Amino acid sequence: VVSYTILITGCAEKGMILLAEDLFLHSPENDVASWNALIAANARHGQMRNAIDLFKRMDLEGTRPDGITFVGILSACAASGDLATGKLIHRSALEGSSLDDPVLATALLDMYSKAGDLGAAMAIFAAMAQRDVTAWNAIVAACARNGRFDRAERFFWVMAARDVISWTSMIAVLAQSGQIDRARLVFDEMPDKDLTAWNAMISAHAQHGDPRSALKLFRLMDLEGVHPDEITYVCALDSCSTLASP
RNA sequence: GAGUGGUGUAAUAAUA
């Protein structure tokens with residue numbers, strides 16, 4: 001089972017979900033970890049329906065779901081905005097103890113915020129036993145996504161340690177609230193810039209009437225050895241078309 | 001090197 005689970009996870013990372021399911025079916029036995037691997041694989045690729053079905057089958061076939069299972073299901077709910085299922089799991093399966101596990105609590109928080117319930121997300125964050133960087137990042141993103149840029153920024157400055165994800169969220173917050181100059185300052189201040197951070201910065205300029213700077217950043221990124229992806233090109237092309245037809 | 005889980009970036013279109 002262990003080797004099968006490794007293979008299932010590997011396939012899922014490459015997006016080969018069907019092969020992953022095939023491996024699962026051919027495995028001599030399956031345990032909670034291999035079920036979880038397959039559920040998470042489907043959840044990550046937007047196969048919400050499959051993820052839920054697997055979850056039910058697992059229960060029927062006598063494998064008890066654990067915290068990891070619920071995280072997989074919750075992230076499927078979050079991705080598809082299925083607040084009903086998410087709430088059901090929160091109430092019936094998790095009860096009170098879920099907040100002891102920061103991973104599970106963050107998945108819950110994220111699910112509520114993506115379903116538009118920022119109040120529930122903040123309540124979970126406040127009640128969490130421990131908050132790691134990911135939990136902080138999740139609450140910053142939760143506020144941002146629900147239009148509470150002021151709160152997002154407050155959380156960002158209050159958090160003890162920030163990683164590249166925190167900084168990128170902050171840049172997006174500043175861009176969405178039209179504070180491009182401040183976004184630039186934050187971008188300069190952030191220690192490590194990855195592809196997503198560059199994309200956030202380039203799109204910020206492309207979206208706010210500064211296509212020239214967007215293209216400058218695009219070239220700069222290349223000079224820094226960061227390779228563009230589809231999003232980068234869309235922003236760059238968008239800037240070109242703005243310049244061509246003012 | 002020893003199986004499974006959470007957080008960040010744009011546009012457009014569609015749906016509501």
Side-chain angles (χ1 to χ4, degrees), chain A residues 1-10 12-13 20 23-24 27 30-44 51 54 58 63 65-79 81 98 101-111 113-114 121 124-125 128 131-145 152 155-156 159 162-176 183 187 190 193-208 214 217-218 221 228-239 241-242:
Chain A
V1 223
V2 175
S3 4
Y4 273 87
T5 306
I6 294 171
L7 291 174
I8 288 169
T9 307
E13 273 172 19
L23 282 162
F24 181 83
S27 174
N30 281 300
D31 61 8
V32 64
S34 62
W35 279 101
N36 287 347
L38 191 59
I39 288 173
N42 280 276
R44 276 199 216 102
L54 284 165
M58 155 184 200
T63 305
D66 62 8
I68 296 183
T69 319
F70 292 123
V71 172
I73 295 295
L74 286 171
S75 76
C77 295
S98 52
D101 178 354
V103 177
L104 190 45
T106 303
L108 269 172
L109 181 170
D110 186 56
M111 190 273 298
S113 85
K114 284 179 177 158
I124 290 167
F125 183 77
M128 284 175 68
R131 302 174 193 90
D132 57 14
V133 199
T134 303
W136 280 95
N137 288 344
I139 196 67
V140 169
C143 295
R145 148 161 71 232
F155 279 119
F156 175 81
M159 61 194 289
R162 304 172 189 89
D163 63 10
V164 63
I165 294 183
S166 335
W167 289 98
T168 304
S169 295
M170 195 60 233
I171 288 170
V173 163
L174 294 171
Q176 281 164 35
F187 187 68
M190 76 184 286
K193 304 167 174 61
D194 66 3
L195 173 60
T196 306
W198 280 99
N199 283 348
M201 199 56 188
I202 292 171
S203 82
H205 288 80
Q207 297 306 306
H208 287 85
L217 285 161
F218 177 67
M221 167 181 157
D229 67 357
E230 299 85 346
I231 294 183
T232 323
Y233 286 121
V234 169
C235 297
L237 288 169
D238 192 39
S239 302
S241 79
T242 306

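Labels below follow one simple rule: chain letters A, B, ... track the order of the sequence lines, proteins then strands, and each chain is numbered from 1. Everything quoted here is computed from the prediction, not taken from an experiment.
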In whole angstroms, how far is the [atom2] atom of [N] from the [atom1] atom of [X]?
| X | N | atom1 | atom2 | result |
| --- | --- | --- | --- | --- |
| A/Asn42 | B/U4 | CG | P | 17 Å |
| A/Glu13 | B/G3 | CD | C1' | 12 Å |
| A/Leu104 | B/G6 | CG | C1' | 9 Å |
| A/Asp229 | B/G8 | CG | C1' | 13 Å |
| A/Phe125 | B/U7 | CZ | P | 15 Å |
| A/Leu7 | B/U4 | CG | C1' | 13 Å |
| A/Phe156 | B/U9 | CZ | P | 14 Å |
| A/Ile124 | B/U7 | CD1 | C1' | 14 Å |

Return the minimal non-hydrogen interatomic distance between [X] and [Y], and the atom names on each side.
| X | Y | value |
| --- | --- | --- |
| A/Phe218 | A/Pro228 | CE1-CB, 4.2 Å |
| A/Gln207 | A/Asp238 | NE2-OD2, 3.6 Å |
| A/Leu108 | A/Ser98 | CD1-OG, 3.8 Å |

task = Determine, stepwise, if the pair A/Arg131 / A/Ile139 fulfils side chain to side chain contact (heavy atoms under 4.5 Å, CB included).
result = CA-CA 10 Å; A/Arg131 302 174 193 90; A/Ile139 196 67; over 6 Å; no

Determine whether any donor atom in the side chain of [X] lies under 3.5 Å from an acceptor atom in the base of [N], or the reverse, and answer yes or no.
| X | N | answer |
| --- | --- | --- |
| A/Asp101 | B/G6 | no |
| A/Thr168 | B/G8 | yes |
| A/Asp31 | B/G3 | yes |

Determine the contact category for [X]: base if any of its heavy atoms lies under 4.0 Å from a base atom, sugar-phosphate if only primed atoms, P, OP1 or OP2 are that close, otherwise nothing.
| X | answer |
| --- | --- |
| A/Asp194 | base |
| A/Val133 | nothing |
| A/Ser34 | base |
| A/Asp132 | base |

ask   = Any side-chain donor-acceptor pair under 3.5 Å between A/Asp163 and A/Ser166?
value =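 Result is yes, a qualifying pair exists.
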
Hey, does the side chain of [X] come within less than 4.0 Å of [N]'s phosphate (OP1/OP2), counting only N and O?
| X | N | result |
| --- | --- | --- |
| A/Arg162 | B/G8 | no |
| A/Lys193 | B/G8 | no |
| A/Arg44 | B/G5 | yes |
| A/Arg145 | B/U7 | no |

key: With sequence neighbours excluded, residues passing salt bridge (Lys or Arg N to Asp or Glu O under 4.0 Å) with A/Lys193   =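 Not a single residue meets the salt bridge (Lys or Arg N to Asp or Glu O under 4.0 Å) criterion with A/Lys193.
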
Listed by chain and number, what are the side-chain hydrogen bond (donor to acceptor under 3.5 Å, both in side chains) partners of [X], not counting sequence neighbours?
| X | result |
| --- | --- |
| A/Asp66 | A/Asn36, A/Thr69 |
| A/Ser113 | A/Arg145 |
| A/Thr134 | none |

message = Between A/Ser27 and A/Leu23 (side chain of the first, backbone of the second, donor and acceptor by atom type, cut-off under 3.5 Å), is there such a pair?
response =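 Not at all, since once roles are kept as given, no pair shorter than 3.5 Å links the two residues.
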
task = State which of B/G6, B/G3, B/G8 makes the closest approach to the side chain of A/Thr134.
result =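 Nearest nucleotide to the side chain: B/G6.
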
request  = When you get a sec, tell me which of B/G8, B/G6, B/U4 is the closest nucleotide to the side chain of A/Ala33?
outcome  =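 Given the options B/G8, B/G6, B/U4, the side chain of A/Ala33 is closest to B/U4.
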
What's touching nucleotides 10-13 of chain B from the protein side, N or O pairs under 3.5 Å?
{"unit_1": "B/A10", "atom_1": "OP1", "unit_2": "A/Gln176", "atom_2": "NE2", "d": "3.1"}
{"unit_1": "B/A10", "atom_1": "O4'", "unit_2": "A/Ser203", "atom_2": "OG", "d": "3.4"}
{"unit_1": "B/A10", "atom_1": "O2'", "unit_2": "A/Gln207", "atom_2": "NE2", "d": "3.3"}

inquiry  = Measuring centre to centre across the rings, with the benzene-like ring taken for any Trp, is A/Phe156 within less than 6.0 Å of A/Trp167?
reply    =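 Under 6.0 Å, so yes.
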
query = Which residues within residues 136-144 of chain A lie with some heavy atom under 4.0 Å of an atom in RNA chain B?
reply =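 Listed by number, they are A/Asn137, A/Ala138, A/Ala141.
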
